[in-house]
*Asks:* 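Please see the structure below; I have some questions.
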Amino acid sequence: MKKILLVLAAGLLACCSAMAQRLPGGASPDHYSLAVNINFANNTFDGDESIDLKLSQSTNTITLNAVEIDFHTVTATAGGQTQTAKVSLDEKNETATFTFGNQLPSGPATLNIKYTGHLNDKLRGFYLSTYKGKKYVVSQMESTDARVAFPCFDEPSYKATFDLTATIDKGDTAISNGEIVSDTPAPGDKHTIKFATSPKMSSYLVALTVGDWKCVSDHTDGVKVSVCTVPGKENLTAFPLAASKAFLHYYDSYYGIKYPLPKLDNIAVPDFQAGAMENWGAIIYRETALLIDDKTASVDAKQGVAETIAHEMAHQWFGDLVTMAWWDDIWLNEGFATWMTPHPIANWKPEWMEGQQTVSQIDRSMAGDSVMNTRPIHQKAETRAEIEQLFDGIAYGKSASVLHMLESYLGPATFRSGVNLYLKEHAYGNATAADFWGAMARASKKPVDEIMPTFVLQPGVPYVGVAAKCEGGNTTLKLSQQRYFDTPSAFSQPDQQIWQIPVCAKGINGTSAGNQQCFLLTQREQQFTLKGCSKFVFPDSSAMGYYRFDYDSAALHQLGNAVDTALTPEERIALMGNEWALMRVDKHSVGDYLALGAQLKNTPGSALLDSFGERLTEINDHLVTDADRPAFQAWLRTQFSPVLQQLGYNGKPSDTPEQKQKRALLFEGLGIMGDDPQVIAQARTMVQEYMKDPSSVDGTMAHAVIAVAARHGDAQLYNQFKEQMQKASSPEQYYGYFYALSQFPQPDLTKETLDSILTPAVRGQDLYIVIPLLRHPTSQDMTWSFMQTHFDDLMKKTGGGLGGVGVFLYGAQSFCDAQKAAEVQQFFQQHPFPGTERNQKQAIESINNCVQLRDQQQGPLSAWLKTQGGVTSASNSGTTMTAGTTR
Ligand SMILES: [Zn+2]
């Protein structure tokens with residue numbers, strides 16, 4: 001699955017409070033035949049299901065998973081005898097037990113189940129989606145919702161083959177895992193579509209969508225690849241189709257195992273809770289994650305769509321072909337799909353510099369993993385809520401980061417041979433974490449089975465202390481380790497954790513860097529020899545380390561601008577992330593961080609500027625006082641206006657993706673944080689031109705223009721945006737205006753936006769607009785109060801359960817106020833959600849840590865800004881070039 005906000009640990013899937021207790025065993029399915037007859041008139045479907053299974057011993061009961069299913073008749077045929085079962089339901093455990101009068105002998109048996117299911121509005125199981133008044137059936141089974149669609153052994157290790165048949169209205173078609181093998185008339189003006197048998201797979205991968213889908217197809221490597229949508233959006237399929245073809249070809253080659261189905265469908269549906277779902281052969285996406293206008297789309301939207309497709313297609317092997325034995329190892333699915341994502345994209349679009357995105361992602365993962373209430377990658381989970389919560393930044397980002405570090409340490413070719421071995425050994429089966437590092441250790445002949453458990457079974461981020469000394473022509477490196485926490489009080493506490501950390505370092509003299517050497521730090525303190533002597537040792541060469549590090553900042557400072565050539569752009573991104581981490585624990589100051597950012601701001605690629613911008617927003621929101629704001633804004637303008645001036649306000653056809661992205665980042669930052677009058681005036685003009693003719697503004701720039709215009713806009717512009725949403729020609733355009741509604745600072749407009757959330761104008765899947773509303777100081781209080789008042793309505797709108805709670809849990813992290821921490825705590829006491837306790841603690845910890853950071857850095861920031869002097873008048877912005885600030 002691909003989450004909209006990975007940190008939304010409580011999941012974007014609907015849920016309920018029931019426990020997902022494991023099945024008792026004794027029966028295991030080999031094959032399902034499932035025929036459903038869709039009745040849109042009453043939003044139900046009739047199911048006729050046969051399950052061929054094996055009984056390990058004779059028994060008179062069989063228990064499987066089922067919930068919200070109305071059973072009609074259940075029979076079992078075994079040993080030449082057919083018996084009818086008595087059905088008893090266990091709602092709490094989501095199971096049904098079939099009891100038979102006579103013992104069923106051990107060996108093969110066939111269950112036949114006739115039942116009625118419900119096309120629900122909770123975005124799970126087989127559910128109802130609508131577009132322009134037309135009804136669609138969409139499916140979403142992961143993690144534990146196949147049981148809502150059909151009775152089944154709904155655990156990942158019960159793999160079986162599936163034959164699906166759908167009887168549907170004339171004019172509709174259906175898409176499932178297998179290709180269509182027959183389409184025949186059925187009674188009542190309907191027709192019956194039969195699909196080919198699926199590969200042996202877990203129940204959570206079953207897919208079925210019904211509607212008037214329009215598909216655009218092409219072939220690659222002998223596989224028919226399609227992009228499907230509701231009618232009228234076929235013009236948005238060229239880009240995703242090209243990406244799918246490129247990635248399938250790449251994966252066929254990389255994995256050494258060819259994609260096993262004759263077709264791969266990508267389907268964009270109007271209502272979807274997650275970003276996308278990797279059903280084997282039938283990947284389902286929310287529209288904005290797949291459909292894109294190739295001509296007008298922003299670089300960011302293209303990258304986002306490519307990343308989602310690459311992630312879901314990586315799952316066709318990692319997850320679909322080889323599946324984790326239980327949800328506690330979900331990282332074997334999500335970590336691998338996330339790790340794999342940049343590989344085919346870098347091959348397809350090198351100009352996007354995906355490697356830089358990877359380093360930013362490693363930094364973000366470490367930031368999220370630096371709290372006390374984090375969790376290990378491998379995490380016990382039994383209940384439905386506990387399982388849903390595992391789809392978080394640890395399963396995706398941290399797991400992927402650790403894999404990137406391992407790949408860098410072993411070398412790409414060796415790592416790949418380990419991956420191939422792991423996939424071959426467990427194809428069409430299940431695997432555990434130990435299976436993975438065992439295969440990797442055998443392939444690499446390195447102690448991967450000792451390194452990985454220290455990162456997978458222990459929580460948190462290591463911090464590597466570094467002391468370098470020139471002795472006898474070589475550098476003696478004394479390395480030490482402890483756990484990193486993002487507050488000084490927690491960081492200074494002694495801890496017992498020891499990791500086996502591949503530390504890669506390089507020495508730097510002037511503009512030249514020595515060769516990288518990697519060491520395995522396995523003790524609390526250890527000494528190594530780095531060849532040659534140098535002025536500065538960079539302890540994260542290649543920027544793939546999953547650790548924070550100490551470094552000699554005086555020596556780095558002495559290198560001056562030589563850093564620009566001695567460190568790669570990726571290493572500079574890692575250095576910036578690390579500088580922020582050192583500031584959090586009071587080893588460096590926020591002034592050090594700002595000065596380093598100013599020095600490195602012209603780094604090639606946009607990723608450094610992007611993550612710097614995120615941190616500047618944090619500084620602006622939480623550390624800058626009203627009294628200091630003019631000085632902070634002046635500093636921003638002095639640093640960044642000249643860079644924007646050089647790029648110009650509007651794009652040229654010859655611009656690289658990097659230039660487009662940098663321009664947009666600078667424009668938005670200067671317009672929103674810097675209050676740059678020229679930028680604001682430009683945004684007001686450009687937004688009117690853009691609304692008249694979307695081709696008049698470069699697609700990547702359009703978002704920045706809309707956001708800045710909104711932040712400085714009025715009710716008239718707000719209403720114009722609402723009109724534009726109705727005319728939008730792509731999901732990107734629609735959501736560009738939709739999310740900009742959250743930027744208007746006027747309280748009455750905030751109220752209008754909030755009120756609209758509860759109307760049919762806003763889909764349940766789009767509730768995330770409250771997140772930016774909670775972030776901005778002008779709308780924060782009203783939004784929080786609205787969310788508490790309308791708690792029940794919001795929960796209902798998201799399908800009930802964890803989907804809605806996730807918005808609360810994530811949104812609460814925007815606060816930086818002790819009073820709000822108390823309110824959030826009280827809120828969760830009043831609305832307890834079993835299974836989300838860790839996330840509640842994380843939200844409160846995050847607020848308290850922000851308060852600590854403000855207490856610690858607000859004064860130093862104020863003092864540092866006074867030393868910057870320079871330009872204080874907005875009228876000078878854009879005319880003064882300044883060199884990188886010294887530090
Ligand atoms: Zn995924």
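In this chain, numbering begins with 1 at the start of the sequence shown. Counting convention: from 1, in listed order, for ligands and their atoms alike.
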*Asks:* Using the ring of each side chain (for Trp, its six-membered ring), is Y734 parallel, tilted or perpendicular to F738, with breaks at 30° and 60°?
*Replies:*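 If you compare the ring of Y734 with that of F738, the planes turn out parallel.
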*Asks:* What residues, two or more places apart in sequence or in another chain, satisfy side chain to side chain contact (heavy atoms under 4.5 Å, CB included) together with K380?
*Replies:*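 Applying side chain to side chain contact (heavy atoms under 4.5 Å, CB included) to K380 gives E382.
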*Asks:* Below 3.5 Å, can you tabulate the donor-acceptor pairs from side chains in residues 155-162 to any protein atom, sequence neighbours excluded?
*Replies:*
from : atom 1 : to   : atom 2 : distance (Å)
E155 : OE2    : L23  : N      : 2.6
K159 : NZ     : L321 : O      : 3.2
K159 : NZ     : T323 : OG1    : 2.8
K159 : NZ     : G429 : O      : 2.7
T161 : OG1    : D30  : O      : 3.3
T161 : OG1    : H31  : ND1    : 2.7

*Asks:* Just give me the atom name: the N, O or S atom of H311 closest to the Zn ion (ligand 1).
*Replies:* NE2
*Asks:* Assess the pair W317 and Y254: is the distance between their ring centroids shorter than 6.0 Å?
*Replies:* no
*Asks:* Could you tell me whether any N, O or S atom belonging to E334 is less than 2.8 Å from the Zn ion (ligand 1)?
*Replies:* yes
*Asks:* Checking only N/O/S atoms, does M1 have one that is under 2.8 Å from the Zn ion (ligand 1)?
*Replies:* yes
